[in-house]
Every structure is written in C-alpha cells, then in structure tokens.
Amino acid sequence: MAESQSVIIENSEAVRTLRMNRPDSLNALNNDLLAALGKAVRDCERDDSVRCMVLTGAGRGFCSGQDLADVADRYTSDKPIELGSHLRERYHPVIMRLRTMEKPVIAAVNGVAAGAGFSLALACDLRVAGESASFVQAFVNVGLVPDSGSTHVLPRLIGVSRAMDLTFTGRKVKASEALQYGLVNQIVADSELSTVVGELAAKLANMPTKAIGLTKRAINAAWGNDLDAQLEYEAQLQTTAGRSEDHREGVTAFLQKRSPKFTGR
Ligand code: T3D
C-alpha cells in the first residue's frame, strides 16, 4: 500500500520534523492524517537516534482540528452521534505519546491551531510561534467540550480564568496575546520560524536526552503529586540520571574545563 503523504517526515541529524500535510483544509485531522501522525509519533518515540521532535504544519495553518467535512455523514442521518470512541482510538494515543515520550517535543506553530490542533500544540513541550500564528479553542463553536487534553494542559499553562475565557468564547488568540499568557515560549517572524526552531531543536538534540526525558516525567508527575511524593520521585529519577553516561560526561567535562559531548545515554 502506498505510504500516506498526510505527514511529511524530515530528518536532520538527531532532529525529526513531522509536518502535517493537508494545507487546503489548514491540516484538518481526517482518519488518514491521524493514522499517519500516530505512526510517525510512535516511531519517533521508539527511535533512540531521534533526540528531539518538531511538529508543524504545511501551508498557512498549523492544524484546524477534526476534519469536519470528513465526518459530514454523521450529521445527515438520525443515528446518534458517538464521539468518545473516535477520540479514544485515534486521538488519545497521539496525545499520550507526545506528553510522555522521553525526548523534547517542539511545536513550530506556523499558523492557526484550532480545536484538537490547539490540543496538539499544547501536548508538545515547547511552542514557538510565527507572528501570524493564532489559537482557537474552536470546540465550543461546534457545541463540543475541549478534548485531546486541552482541559488538562490549558488551565495549568495559562490559569483557570484565562482557560475559561478561551474555552467558553472560542475566540481567536493572536500570537502576541499567546506570548503574554505564556501559551507560547517565543514569537518569531514567519520567515524565520523554521530556522529558529531548527536551531533550538539541534541544540536540544545535543543535550543529555535521558536527563531531559526524566525531567519531563518529573514535571508531568508534579501535576498530581504533593511535595512529599514529588521529592521522593525526584530522588528516584536522580538515581537513574546519576547512572547515565551523560552525567559522568557532564561533570568530567566541567572539571576538565571543556565542553561536554552528550550522547543521550
Ligand atoms: O470526532 C470528533 O468530531 C471529535 C473530535 C473533535 C476535535 C475537534 O477538533 S472539534 C473542532 C474542529 N475544528 C473546528 O471547528 C475549526 C473549524 N475551522 C475554523 O473555525 C476556521 O477554519 C479557522 C479558525 C481554523 C481558520 O479560519 P480562516 O478564516 O483562517 O480559514 P477558513 O477560510 O475558515 O478555512 C480555510 C479552508 O480550510 C476552508 O476550505 P475552503 O473553503 O477553502 O475549501 C475551510 O473549510 C477549511 N477548514 C478549516 N477548518 C476545517 C476545514 N475543513 C474541514 N475541517 C476543519 N476543521
């Protein structure tokens, strides 16, 4: 069977970029794109030679969420609409992998991120936005609840009050407002986005990947832990990090007054 072109995969040394590729619909998520994205994210997670992943979109959009044209049939019959299983089967594995893969994941937000496309950007660890990027919690505009992790990440990232505003109104947030909210880490000129993200990704890919992966675990766990539990978890993770080759290399390089060469092991 021919390989799907819905996601374009580019490798540059230890950085893998996944580009959602349905530009005519601003990269709306139909089943083909969701399947291709699921496989590409899983491959990234499992491939130790990949030490940083970038998610971006082709054309003028990042991702417009569920492809509403693709599911138009649902709305022309009297059959009850059942959305839960669609989410569980096709969206949740992608979101879980982005949140838990033990390597840094950057969203290069090149345009509008709407609905589950906004959730995908939130599931990444860092967000760098082009100046024409925007964010829309579009779910309410079609009578739905924010899904794919938006209700989990958004209030933690920008606060409950702002999260309520964005999810209740479904209004479009421009890149400048997103930066002010801490929703994105950085805004750059559209023409600079791939260069800036490429440089950041290359830098992260040369860092101690294991330590970054464990840090991600710690920060994810902190959302549900009290201080006692988190201190204990940090101690356990530090035991693992302390045994890594990169820890030995980092300290040795410091003492020898040279730059460390991290391998991710
Ligand atoms: O299974 C389930 O349903 C459960 C899962 C739910 C998860 C969700 O994501 S629900 C939310 C789904 N997404 C939306 O509701 C967003 C719909 N799109 C928009 O609100 C707007 O298009 C945008 C705010 C994203 C962008 O606006 P704008 O003015 O920049 O562009 P546009 O002209 O509206 O769109 C450009 C084209 O993309 C247009 O096609 P055309 O007219 O040129 O042939 C438009 O129809 C298409 N498009 C945009 N979003 C979608 C889409 N086509 C299909 N599905 C879309 N989500």
Side-chain angles (χ1 to χ4, degrees), residues 4-7 18-38 41 55-99 107-124 127 129-155 157 163-178 181 183-184 187 190 193:
S4 166
Q5 292 301 303
S6 300
V7 175
L18 310 186
R19 189 180 303 279
M20 296 174 277
N21 185 37
R22 301 189 66 232
D24 291 350
S25 61
L26 309 176
N27 304 311
L29 298 160
N30 66 0
N31 287 348
D32 182 50
L33 173 49
L34 281 164
L37 191 59
V41 170
L55 181 64
T56 193
R60 73 171 179 91
F62 175 74
C63 174
S64 60
Q66 170 63 39
D67 188 325
L68 298 174
D70 198 48
V71 293
D73 281 357
R74 282 179 190 159
Y75 305 95
T76 53
S77 89
D78 291 336
K79 273 205 265 170
I81 297 169
E82 209 290 298
L83 300 183
S85 52
H86 183 56
L87 289 173
R88 288 184 202 101
E89 270 169 43
R90 298 176 191 276
Y91 284 84
H92 294 188
V94 178
I95 298 296
M96 280 305 287
R97 282 207 162 88
L98 291 172
R99 290 271 357 117
V109 188
N110 55 302
V112 65
F118 193 155
S119 305
L120 279 177
L122 289 173
C124 297
R127 282 153 292 282
E131 59 199 350
S132 66
S134 59
F135 297 84
V136 189
Q137 278 285 323
F139 306 92
V140 72
N141 300 335
V142 289
L144 290 179
V145 172
D147 62 31
S148 306
S150 263
T151 58
H152 192 70
V153 184
L154 193 62
L157 206 55
M164 296 289 194
D165 167 18
L166 302 197
T167 53
F168 290 5
T169 64
R171 71 182 176 85
K172 187 181 273 191
V173 172
K174 289 187 177 158
S176 52
E177 190 180 0
Y181 284 5
L183 186 51
V184 298
I187 304 178
D190 291 332
L193 183 63

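One-based numbering, in listed order, for ligands and for the atoms of each.
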Could you check whether [atom] has a protein contact, counting only heavy atoms that fall below 4.0 angstrom?
| atom | answer |
| --- | --- |
| atom 41 (P) of ligand 1 | no |
| atom 18 (N) of ligand 1 | no |
| atom 44 (O) of ligand 1 | no |
| atom 5 (C) of ligand 1 | yes |
| atom 49 (C) of ligand 1 | yes |
| atom 29 (O) of ligand 1 | no |

In terms of atom number and element, which parts of ligand 1 are under 4.0 angstrom from non-hydrogen atoms of [X]?
| X | result |
| --- | --- |
| Gly65 | 9 (O) |
| His86 | 1 (O), 2 (C) |
| Gly115 | 9 (O) |
| Asp67 | 54 (C), 55 (N) |
| Ala138 | 14 (C), 15 (O), 16 (C) |
| Ala116 | 7 (C), 8 (C), 9 (O) |

If you measure from each non-hydrogen atom of [X] to ligand 1, which part falls under 4.0 Å: side chain, backbone, both or neither?
| X | answer |
| --- | --- |
| Gln66 | both |
| Asp24 | backbone |
| Arg74 | side chain |

Just to confirm my output: which protein heavy-atom neighbour is closest to [atom], and how far is it?
| atom | answer |
| --- | --- |
| atom 13 (N) of ligand 1 | Ser64 O, 3.0 Å |
| atom 25 (C) of ligand 1 | Ala114 CB, 3.8 Å |
| atom 10 (S) of ligand 1 | Phe139 CD2, 3.8 Å |
| atom 55 (N) of ligand 1 | Leu68 N, 2.9 Å |
| atom 35 (O) of ligand 1 | Leu26 CD1, 3.7 Å |

Minimal non-hydrogen separation, [X] against [Y], with atom names:
| X | Y | value |
| --- | --- | --- |
| Ala121 | Val109 | CB-CG2, 4.4 Å |
| Arg127 | Leu122 | NH1-O, 3.4 Å |
| Ala116 | Gln66 | CB-N, 4.4 Å |
| Val173 | Ala178 | CG1-N, 3.7 Å |
| Leu193 | Ala129 | CD1-C, 3.9 Å |

Would you compute the distance between atom [atom1] of [X] and atom [atom2] of [Y] and round it to the nearest 0.5 angstrom?
| X | Y | atom1 | atom2 | answer |
| --- | --- | --- | --- | --- |
| Asp190 | Glu131 | CG | CD | 5.0 Å |
| Arg88 | Leu83 | CZ | CG | 10.0 Å |
| Leu98 | Ser119 | CG | OG | 11.0 Å |

Review point. Taking the minimum heavy-atom distance to atom 33 (O) of ligand 1, which of Arg60, Lys172, Arg90 ranks first?
Key: Arg60
Review point. To which of Ser25, Ala69, Pro23 does the heavy atom nearest atom 47 (C) of ligand 1 belong?
Key: Ser25
Expected list for residues 23-30: side-chain donor-acceptor pairs under 3.5 angstrom, two or more places apart:
residue	atom	partner	partner atom	Å
Ser25	OG	Arg22	O	3.3
Ser25	OG	Ala28	N	3.2
Asn27	OD1	Arg22	N	2.6
Asn27	ND2	Ala58	O	3.0
Asn27	ND2	Gly61	O	3.0
Asn27	ND2	Phe62	O	3.2
Asn30	OD1	Asp32	N	3.3
Asn30	OD1	Leu33	N	2.8

Pairs under 3.5 angstrom only: tabulate donor-acceptor contacts from the side chains of residues 69-81 to other protein residues two or more places apart or in another chain.
residue	atom	partner	partner atom	Å
Thr76	OG1	Asp73	O	2.9
Ser77	OG	Lys79	N	3.1

**Study point:** Polar contact flag for Asp147 and ligand 1 (N/O pairs, less than 3.5 Å)
**Key:** no
